[in-house]
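Numbered from 1 within each chain, the chains take letters A, B, ... in sequence-line order.
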Amino acid sequence: MKNQLVADTLYMIADLLDLKGDAFFKTRAYRIAAQTIEALDEDIERLVNQGTLESIPGIGEALAKKITELVKTGKLDYLERLKKEVPTGLIDLLGIPGLGPKKVAALYKKFGITSIQALREAASTGGLRTLEGFGEITERNILRGIQLLEKTSGRVLLNVAYEDGTRYLNYMKRCKKITKIEIAGSLRRMKETIGDLDILASSTDPEAVMDFFIQYPEVAEVLAKGSTKSSVLLNDNLQVDFRVVEEKSYGAALQYFTGSKDHNVTLRGLAARKGFKLNEYGLFDKTTEKYIVGKTEEEIYKKLGFAYIEPELRENRGELEAAKKKTLPNLVGYEQINGDFHVHSTWSDGSDAIETIASAAQHRGYEFIGITDHSQSLKIANGMTEERVQKKLDEINKVNKKFPDLRIFSGTECDIKTDGTLDYSDKILEQFDFVYIGIHTGFKMDKETMTKRIIRGMENGQANFMAHPTGRLIGKRDPYEVDIEQIIDIAKQTDTRLEINSFPDRLDLDDAHAKLAKEHGVRFVLGTDSHSINHLEFMRFGIATARRGWLTKKDILNTSSVKDIEKIVGG
DNA sequence: GCCGTTTTCGGCCCGACTGTTTTCAGTCG
Ligand SMILES: Nc1nc2c(ncn2[C@H]2C[C@H](O)[C@@H](COP(=O)(O)OP(=O)(O)OP(=O)(O)O)O2)c(=O)[nH]1
Ligand SMILES: [Mg+2]
Ligand SMILES: [Mg+2]
Ligand SMILES: [Zn+2]
């Protein structure tokens with residue numbers, strides 16, 4: 001797929017045009033198109049060949065022409081000419097916090113600075129202050145910005161941000177001046193990675209609350225501090241943005257601060273067309289400026305003609321249209337999960353015994369737990385030989401008797417070998433209550449071979465669930481090459497449920513693929529892939545991913561009763 | 001550059017904090 005290449009090229013053009021000082025709305029159009037293409041399920045090459053690029057919102061005649069040239073020739077004349085005008089090194093400088101296109105362009109025009117190294121030298125020798133709009137403090141801030149850029153690690157996994165956020169919130173709740181407080185931003189939307197934490201509070205004494213906010217012991221640096229808004233950097237380099245408003249604005253502020261940005265921009269645009277003004281202080285009459293509502297999110301969406309939209313859906317992926325038509329799905333709830341299908345025990349590479357896992361599962365209020373150890377060829381993970389399988393089944397029977405209120409399902413995470421056959425004979429597979437199949441070795445295959453391999457696995461007849469269907473590890477490993485649309489079709493045909501693996505660095509299927517699969521009639525299971533009982537809590541991130549994929553209770557087997565699950569597996 | 005049940009031209013979300021400025025531009029949320 002060339003989608004990412006096309007998107008990256010459009011982002012680059014947008015940056016270069018910004019640096020050139022081109023019209024803001026033009027560069028925004030490039031970014032919107034880039035974003036749309038990045039999120040596209042379809043192969044852009046197909047659209048190019050069909051000549052249907054312009055059917056994509058945000059792509060018109062001019063962009064379609066450029067994209068077509070890029071996809072067909074691998075080059076884009078327009079970009080080559082731009083690069084001659086604007087050095088691409090300037091794009092790196094845009095990554096420095098506090099520096100935008102105007103300042104970077106000024107630095108280039110006046111001093112010929114095109115690299116971070118050159119900028120650092122100029123700033124540290126006091127060489128920038130002669131430039132209009134630049135002073136001593138600007139020089140210091142630039143040096144600090146370069147340091148921040150170099151040490152900051154980018155985005156963090158959802159669970160890391162979740163823990164940081166929970167700790168900060170617990171600290172803030174000790175502030176007596178706060179009447180309401182909660183997490184907003186991408187963490188409230190439960191996105192798979194988080195760029196920074198966003199926290200909202202209401203108070204009649206914002207200054208006192210701001211002081212309390214920056215007193216948090218984990219704060220390494222205060223980046224900005226005002227009466228309604230402050231930002232800090234934590235010791236672990238995560239940034240935290242904090243806003244304080246009055247209670248009558250709390251709902252409007254929560255709506256604003258939860259985002260996403262695209263959702264907000266679209267919603268505000270629609271509000272304006274109806275004669276309103278929407279900002280973080282409330283919904284106002286555009287002409288009289290009169291406050292209409294703002295205390296709760298619900299009343300804002302309602303006044304604008306929308307059903308309430310759950311935070312996980314606010315990505316401008318069609319939720320506003322659905323909310324208008326009142327066709328939003330009733331999302332699966334965080335409390336509706338009765339158990340976990342994917343847990344490793346000491347029989348393979350898990351660190352806890354089956355009985356320990358059972359006890360932890362019961363403690364979580366689960367009605368069932370599925371023990372899924374690795375299959376025989378996965379020796380590196382202590383995969384189980386067929387003889388050991390028998391012993392493990394015996395143990396599960398015994399432990400089941402000790403836990404009358406918990407059903408322990410005997411499962412397996414059976415490897416799909418490179419030729420698409422499964423790692424156990426049918427005779428063995430039949431003895432498990434359920435069978436997960438998955439790819440664990442031989443990731444580097446061409447798309448067609450990998451797709452055939454997985455399809456053969458699903459068509460085996462013994463497979464119930466497909467584990468982590470794309471094999472990605474967020475920030476560490478790209479998904480293997482696979483035709484996900486074909487996998488989805490065959491999953492539907494063979495009644496193989498696709499997993500939403502809930503381990504934070506997997507979240508696989510991801511939200512967008514889950515949505516796509518659901519639209520094709522596929523059903524799902526959630527599994528944490530726990531290798532220790534401490535991982536069982538990752539279930540919430542799998543549920544979040546399911547919600548972000550517009551899934552409902554009935555899409556997910558884990559919400560069923562043990563009796564109903566037994567009709568499908570383990571029967 | 002895109003887009004259209006008020007428009008094919010003229011809009012395109014709206015506001016806080018900072019530094020350098022004497023009234024605001026730039027950057028960021
Ligand atoms: N209306 C409006 N709201 C914005 C804009 N930029 C950000 N916001 C709102 C929506 C965002 O979710 C929220 C927090 O901003 P962040 O930059 O932290 O983004 P977010 O948390 O969504 O993603 P992140 O994981 O932090 O990158 O502020 C904007 O340009 N306009
Ligand atoms: Mg954020
Ligand atoms: Mg933020
Ligand atoms: Zn596993």
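- If you check dC13(B), dA16(B), dT20(B) against the side chain of Y281(A), the one that comes closest is dA16(B).
- Within 4.0 Å (heavy atoms only), K66(A) reaches sugar-phosphate atoms of the nucleic acid but no base atom.
- Note on L278(A): only backbone sugar-phosphate atoms sit closer than 4.0 angstrom, heavy atoms only; bases stay farther off.
- Under the 6.0 Å distance and 45° angle rule, K324(A) counts as a cation-pi partner of F306(A).
- Comparing atom distances between the I137(A) side chain and each of dG19(B), dC3(B), dC2(B) picks out dG19(B) as nearest.
- Taking atom C1' in both dC14(B) and dC9(B), one finds a spacing of 24 Å when rounded to whole Å.
- A sub-4.0 Å separation between OP1 or OP2 of dG15(B) and a side-chain N or O of N279(A) is present.
- Across the C1' atoms, dC13(B) and dC28(B) are found 14 Å apart, a figure rounded to whole Å.
- Atom pair N141(A):CG and dT20(B):C1' shows a separation of 12 Å (rounding to whole Å applied).
- Cation-pi contact between K248(A) and Y291(A): present, with separation from the ring centre below 6.0 Å and deviation from the ring axis of at most 45°.
- Relative ring orientation between F212(A) and Y171(A) is described as parallel, the plane-to-plane angle staying below 30° on a 0-90° scale split at 30° and 60°.
- Comparing dC2(B) with dT7(B), their C1' atoms are spaced 14 Å from each other, to the whole Å.
- What separates CG of L270(A) from C1' of dT5(B) is a distance of 15 Å, to the nearest Å.
- Residue contacts for I59(A): at a heavy-atom cut-off of 4.0 Å it reaches the sugar-phosphate backbone alone, with no base atom in range.
- Against DNA chain B, the stretch residues 202-210 of chain A makes no heavy-atom approach under 4.0 Å.
- Here T228(A) reaches the OP1 or OP2 of dC17(B): one of its side-chain N or O atoms lies under 4.0 Å away.
- Side chains of D511(A) and T545(A): a donor-acceptor N/O pair is absent below 3.5 angstrom, by distance only.
- Look at CD on E246(A): it is 16 Å from C1' on dA16(B), rounded to the nearest Å.
- Separation of the C1' atoms belonging to dT6(B) and dG11(B) is 14 Å when rounded to the nearest angstrom.
- Here the closest heavy-atom approach between residue K177(A) and residue S203(A) is recorded as O-OG, 2.8 Å.
- More than 12 heavy atoms of other shown residues, nucleotides or ligands fall within 6.0 angstrom of atom CD in Q50(A).
- Of the candidates K180(A), R188(A), R243(A), R243(A) is the only one forming a side chain to side chain contact (heavy atoms under 4.5 Å, CB included) with L200(A).
- Nucleotide dC12(B) holds its C1' atom 5 Å from the CZ atom of R28(A), rounded to whole Å.
- Across all strands shown, T266(A) has no heavy atoms under 4.0 Å from either base or sugar-phosphate atoms.
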What string of B, S and - do you get for nucleotides 22-29 of chain B, 5' to 3', when a contact is any protein heavy atom under 4.0 Å?
----SSSB
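- Remark: dT8(B) base-pairs with no nucleotide in the shown strands. Criterion, Watson-Crick or G-U wobble with two distances under 3.5 Å.
- When rounded to the nearest whole Å, the span between CG of D22(A) and P of dG1(B) equals 8 Å.
- Annotation: dT8(B) and dC12(B) have their C1' atoms spaced 15 Å apart (nearest Å).
- For the residue pair Q4(A) / D8(A), a side-chain donor-acceptor distance below 3.5 Å is found, with atom types taken as modelled.
- The distance between atom CG of D285(A) and atom P of dC14(B), rounded to the nearest whole Å, is 13 Å.
- Classification of the F538(A)-F541(A) ring pair by plane angle, with boundaries at 30° and 60°, yields tilted.
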Distance-only donor-acceptor hits, side chain of residues 74-95 of chain A, under 3.5 Å, sequence neighbours excluded:
| residue | atom | partner | partner atom | Å |
| --- | --- | --- | --- | --- |
| D77(A) | OD2 | R81(A) | NE | 3.2 |

